[in-house]
Number of protein chains: 2
Amino acid sequence: MTVARNRSKRERILDVAEELFALHGYDGVTLRRIATSARVDVALASYHFGKKLDLFKAVFERRAAYLNESRREALQRCQREAGVEGPSVEQIIEAFLRPLELAQETGDAGWRHYLALIAYINNSPYWGPKMMSSLFDDLVLEFIDALRKALPGASDDNLYWCYNNLSGALTLTLAQTGRIDKLSGGTCRSADFQAAYDHMIPFVAAGFRQVCAPATAGAPAE
Amino acid sequence: MTVARNRSKRERILDVAEELFALHGYDGVTLRRIATSARVDVALASYHFGKKLDLFKAVFERRAAYLNESRREALQRCQREAGVEGPSVEQIIEAFLRPLELAQETGDAGWRHYLALIAYINNSPYWGPKMMSSLFDDLVLEFIDALRKALPGASDDNLYWCYNNLSGALTLTLAQTGRIDKLSGGTCRSADFQAAYDHMIPFVAAGFRQVCAPATAGAPAE
DNA sequence: TTGCGTATTCAACACTTGTTGAATACGCTG
DNA sequence: CAGCGTATTCAACAAGTGTTGAATACGCAA
């Protein structure tokens with residue numbers, strides 16, 4: 001099929017756009033730069049994807065379904081394997097984070113760029129509200145529901161604020177700015193997702209328990 | 001003095017640039033848009049600040065010194081008021097976060113835009129390593145030192161990874177994307193810094209203790 | 001008032017941007 | 001081979017970009 005051959009250039013455009021958008025943002029990348037870097041004519045991007053904004057959305061959506069399925073599967077598996085009381089906070093957070101690392105383990109370096117792009121969009125006051133909700137909110141609410149059950153008595157207020165902390169810690173990790181490398185003098189590497197999650201999981205789980213468990217002291221003053 | 005009158009237009013350019021850069025990023029804002037929004041001629045920005053990049057840096061640096069002094073002061077005050085054992089983890093985190101809220105309390109709405117700009121830069125793989133370290137690393141290392149003393153026996157590895165989690169949660173909050181507003185159905189407002197810190201402080205403090213306190217179980221597997 | 005330095009405007013430059021329509025090449029079916 | 005649909009290139013466009021140099025206005029000193 002002709003489709004087989006064309007996927008080559010078409011996907012090269014997507015791959016390059018993914019990397020450059022993640023690094024420089026939407027306005028920091030020109031179609032010509034993408035085309036040059038993909039060794040492709042400028043007009044080809046427009047031919048395949050239409051407007052520049054459509055290309056941006058195409059990149060954003062390309063891997064979203066797979067990622068959501070992978071995380072939803074992880075959540076359901078941990079729920080299935082848990083007893084009648086349901087999974088622990090740690091297990092839920094683990095299901096939330098580890099698939100992001102598995103995606104990297106596929107050997108496809110593009111996943112790193114894609115996750116950095118998600119971080120860019122999620123942290124942007126302009127793109128964030130416009131693009132994140134439609135693709136990711138359903139799944140996020142499933143995770144929050146699971147956490148609600150694991151933390152009986154927790155108020156929605158506390159749950160959402162805690163999720164905000166989790167989302168922030170994750171976003172900065174996905175952005176891979178390398179700042180922690182410099183701060184730590186090289187002992188921590190922001191490219192090491194596994195190490196990041198190894199530390200993030202107990203950190204976040206303890207945070208949820210501290211804020212959301214009503215019996216213990218230390219809940220935020222109202 | 002002529003300087004008094006000119007500060008008006010010059011600072012209007014800085015104010016507008018601050019707001020637009022925070023919302024759309026460096027490449028998403030044109031000098032003409034800044035000039036129009038500031039009701040000023042295009043060439044005036046170049047006259048006062050030189051290249052576009054210089055204007056960007058001027059915006060970035062304008063409030064940095066004040067912010068650093070304010071946070072350093074908060075840290076030293078909490079150290080002074082603590083006993084010989086030094087301040088608790090909560091007190092240190094509080095000194096790290098609350099000045100960001102006080103800055104807002106000055107009534108100067110520009111602080112909100114400035115903090116969103118810091119979030120943009122800190123989360124950017126392009127700008128982050130280039131601009132954050134020179135202005136903010138010294139102070140961050142002072143806070144980490146204080147945390148090291150409050151958490152005896154903690155490894156540097158764990159301390160830096162925990163700080164990364166704190167920095168991420170803070171960054172997403174400063175970005176004010178409004179995503180938590182939508183997720184929570186309106187009960188949480190990302191513009192409410194005080195509520196954000198009320199929840200972030202116990203959350204992060206518990207995370208530090210969980211990961212960095214060597215006696216307790218649950219430290220990340222090595 | 002006349003000067004003078006700073007602030008501000010005006011006009012224009014060379015260059016890059018996204019996008020498009022026509023022209024060409026490719027790969028398959030008949 | 002011819003025919004056809006898709007993929008790809010080429011050339012060009014109007015609009016917008018940052019930047020600059022000359023011209024003008026302003027505010028104060030002498």
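Just the heavy atoms: all of them, side chains too, but no hydrogens, waters or symmetry mates, feed the values below. Within every chain, numbering begins at 1; the chains are lettered A, B, ... in the order of the sequence lines, protein sequences first and strands thereafter.
Listed candidates were dT8(C), dA7(D), dT19(D). Nearest to the side chain of Y47(B) is dT8(C). Distances were taken from every side-chain heavy atom of K51(B) (C-beta onward) to each of dT8(C), dT19(D), dT20(C); the shortest belongs to dT19(D).
What separates CZ of F56(A) from C1' of dG18(C) is a distance of 16 Å, to the nearest Å. Distance CG (D41(A)) to P (dG18(C)): 14 Å, rounded to an integer number of Å. One interatomic measurement links the two molecules: CG of L44(B) to C1' of dT8(C), which rounds to 6 Å at whole-angstrom precision.
Cation-pi geometry between R62(A) and Y114(A) is not met at under 6.0 angstrom from the ring centre and within 45 degrees of the axis.
Residues of residues 21-38 of chain B that place a heavy atom closer than 4.0 Å to DNA chain C, in numerical order, are R32(B).
Ring pair W127(B)/F21(B): centre-to-centre distance not below 6.0 Å.
Under 4.0 angstrom from either OP1 or OP2 of dT6(D) there lies no side-chain N or O belonging to H48(A). For K52(A) and dT17(C), the shortest distance from a side-chain N or O to OP1 or OP2 is not below 4.0 Å.
Put simply, OH on Y160(A) and NE2 on H199(B) are 13.0 Å apart, with the number rounded to the nearest 0.5 Å.
Side-chain contact between Y197(B) and L170(B): present, with at least one pair of heavy atoms (C-beta onward) separated by less than 4.5 Å.
For DNA chain C, each stem of at least three Watson-Crick or G-U pairs (distances under 3.5 Å) is given as range with range: C:3-28 with D:3-28.
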Sequence neighbours left out, cut at 3.5 Å: what donor-acceptor pairs do the side chains of residues 129-136 of chain B make with other protein atoms?
unit_1, atom_1, unit_2, atom_2, d
S133(B), OG, D137(B), OD2, 3.2
S134(B), OG, M131(B), O, 3.4

Apply side chain to side chain donor-acceptor pair (under 3.5 Å) to residues N123(B) and T171(B) and explain how you reach the verdict. CA-CA 7 Å; N123(B) 198 65; T171(B) 298; over 6 Å; no
